[in-house]
A.B. asks: 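Got a structure for you, questions after.
Numbers for residues simply follow the sequence, beginning at 1. As the structure is a computational prediction, the values presented were derived from the model and not from experiment. Counting starts at 1 for both ligands and their atoms, following the listed order.
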Amino acid sequence: MSGMWGNNIKLSIFGESHGNAIGINIDNLPCGFSIDMYEVMREMRRRLPGKSKLSTSRKEDDNPEILSGYFEGKTTGTPLCAIIRNNDNKSKDYSKLKNTMRPGHGDYTGYVKYKGFNDYRGGGHFSGRITAPLVFAGAICKQILRSKGIEIVAHIKSVGTVEDESFLDINLNNNILEKLKNEEIPVINADLKENIKDEILTVRQEGDSIGGSIECAVLGIDAGFGSPFFDSVESTLAHLMFSVPAVKGIEFGKGFDLCKMKGSQANDEYYLEGEKIRARSNNNGGILGGITNGMPIVFKVAIKPTPSIYKEQNTINVESMEETVLKIEGRHDPCIVQRAVPVIESVAAIGILDIVY
Ligand SMILES: Cc1cc2nc3c(=O)[nH]c(=O)nc-3n(C[C@H](O)[C@H](O)[C@H](O)COP(=O)(O)O)c2cc1C
C-alpha cells in the first residue's frame with residue numbers, strides 16, 4: 001500500500017501540500033528514548049523552504065506537533081504521530097492545473113490512478129512538501145543511530161555541470177560531518193559554493209530548473225548487517241531513496257563507473273588495522289553480498305530538474321482532451337538538490353535503523 005513502509009520501524013505518511021496538515025505515524029520506535037527536540041528542529045530547518053532565492057518562496061515554519069507516542073520527553077514505544085500544519089498555501093495559483101497536466105510531475109499519473117479525485121493543489125500528495133515528515137522521522141532515527149555510534153551525512157555531489165569531490169576519496173571525519181550539516185550549500189570543496197549558486201540563480205532567471213546529485217555516507221556501521229538477495233542493504237536503501245520525489249537514479253560505491261573497471265581495480269583489498277578487518281578502498285560502497293562490510297556505506301542519488309518551470313510547455317487538458325500550452329504560475333524550487341540533502345540523510349537513517357534495529 002502506498003504511504004506505508006517498514007519491517008521493524010513502520011512508517012505511514014499522509015497529507016497534501018495544500019490540505020490542513022501533513023504528517024507521519026512512526027510505529028515500533030524503542031521506548032524510553034529521549035528525543036532532543038532542538039536537534040529535530042535544526043534538521044527540519046535544513047529542509048525548510050523560503051530561506052533564500054535558491055528555493056521556492058513558499059514560507060512555512062514546519063513546526064511538528066507531536067500527537068502521541070511521546071511523554072515526559074521520552075518515546076513511549078507506542079505509535080509516535082506528528083503533524084505539520086500547512087500555513088502558506090496559495091491554492092488559486094493551481095486552479096488551471098486541475099485539468100492541465102504538468103510535464104514531468106505526478107499530475108497525469110495521479111489523475112489516472114485516482115480517477116481525478118486526487119487533490120491537485122500544489123501537487124497534492126505528490127508534493128516535495130511531504131518530505132517534511134520524513135525529515136522529522138529521520139531526525140529521530142538519526143538520534144537513535146547516534147546512540148549506537150552510527151552517523152549519517154550527505155552533501156551535494158553535483159548541480160548541473162559543477163561537480164564536488166566524493167566521500168570515497170577523502171578521509172571522512174567528524175569535522176566534515178559537522179561542517180556539512182551547517183551549510184545551505186553543503187559541499188566538500190567550499191570553493192564550489194558560488195558556482196553552484198550561480199548555476200541555480202541562472203536557471204531561475206531563465207524560468208527554468210536544474211538537477212544534480214547527492215552523495216550520502218553511513219559511518220560507524222559494523223560488518224554483518226543486511227541479507228543476500230531481496231533484503232540486501234542496497235535493496236532497502238534503494239526502495240527508500242526512490243520514495244523521495246525527484247530521485248531518478250542510485251549508485252552504490254563507484255556504481256556505474258565499475259562497468260569500466262577491471263576486477264583488479266574494482267576489488268577492495270582487505271588489511272588488518274589492529275584486530276579490525278578493513279578495506280583499502282571502498283569501490284563497493286560498504287556493501288558486499290547485500291551485507292555491510294564495516295566500511296562506510298556510500299551511495300549517490302540522481303535528482304532530476306524541478307518539473308514545474310516557468311517556460312511554456314506542450315501538454316494535454318484531460319477534461320477537453322485537447323493539446324494545449326501550459327505556462328505555470330505558483331512558487332517552485334529552481335533546484336531540488338540542496339533541499340533534498342537532509343531528506344536523503346533522513347530516509348537513509350530510517351532504512352539503517354530498520355536494518356540494525
Ligand atoms: C524537497 C523537494 C522539493 C520539491 N519541490 C518541487 C517544486 O517546487 N516544484 C515541483 O514541480 N516539484 C518539486 N519536487 C519534485 C516533485 O515532487 C516530483 O518531481 C514529482 O512528485 C514527480 O515525481 P518523480 O519526479 O519522482 O517522478 C520537489 C521534490 C523534493 C524532494
A.B. asks: What's the shortest distance from atom 18 (C) of ligand 1 to any protein heavy atom, and which residue and atom give it?
C.D. replies: Pro245 CB, 3.7 Å

A.B. asks: Phe126 versus ligand 1: do any nitrogen or oxygen atoms come within less than 3.5 Å of each other?
C.D. replies: yes

A.B. asks: Looking at non-hydrogen atoms alone, which of Ile336, Val135, Asp107 comes nearest to atom 14 (N) of ligand 1?
C.D. replies: Ile336

A.B. asks: Would you say the side chain of Val159 lies within less than 4.5 Å of the side chain of Cys335, judging by non-hydrogen atoms?
C.D. replies: yes

A.B. asks: Purely on distance, is any nitrogen or oxygen of Lys248 under 3.5 Å from one on ligand 1?
C.D. replies: yes

A.B. asks: For Glu163, which residues count as a salt bridge (charged side-chain N to carboxylate O under 4.0 Å, His left out) partner, sequence neighbours excluded?
C.D. replies: Lys157

A.B. asks: The criterion is salt bridge (charged side-chain N to carboxylate O under 4.0 Å, His left out); which residues satisfy it with Lys304, sequence neighbours excluded?
C.D. replies: none

A.B. asks: Return the CE to CG distance between Met295 and Asp268, rounded to the nearest 0.5 Å.
C.D. replies: 7.0 Å

A.B. asks: Record the part of Asp333 in heavy-atom contact with ligand 1 below 4.0 Å; permitted values are side chain, backbone, both and neither.
C.D. replies: both

A.B. asks: According to the interplanar angle, ranging from 0 to 90°, do the rings of Phe299 and Phe252 count as parallel (below 30°), tilted (30 to 60°) or perpendicular (above 60°)?
C.D. replies: tilted

A.B. asks: Where is the nearest protein heavy atom to atom 1 (C) of ligand 1: which residue, which atom, and how far?
C.D. replies: Thr131 OG1, 3.9 Å

A.B. asks: Can you tell which part of Arg129 has a heavy atom less than 4.0 Å from ligand 1: side chain, backbone, both or neither?
C.D. replies: neither

A.B. asks: Look at atom 16 (C) of ligand 1 and say which protein heavy atom is nearest, naming residue and atom and giving the distance to 0.1 Å.
C.D. replies: His105 NE2, 3.6 Å

A.B. asks: Nearest protein heavy atom to atom 9 (N) of ligand 1, by residue and atom, and its distance?
C.D. replies: His332 ND1, 2.9 Å

A.B. asks: Distance to 0.1 Å, residue and atom name: give those for the protein heavy atom nearest to atom 23 (O) of ligand 1.
C.D. replies: Ala246 N, 4.1 Å

A.B. asks: Please determine if Lys142 and Glu39 form a salt bridge, counting it only when a charged side-chain N lies under 4.0 Å from a carboxylate O.
C.D. replies: no

A.B. asks: Other residues, nucleotides and ligands only: do more than 12 of their heavy atoms fall within 6.0 Å of CD1 on Ile277?
C.D. replies: no

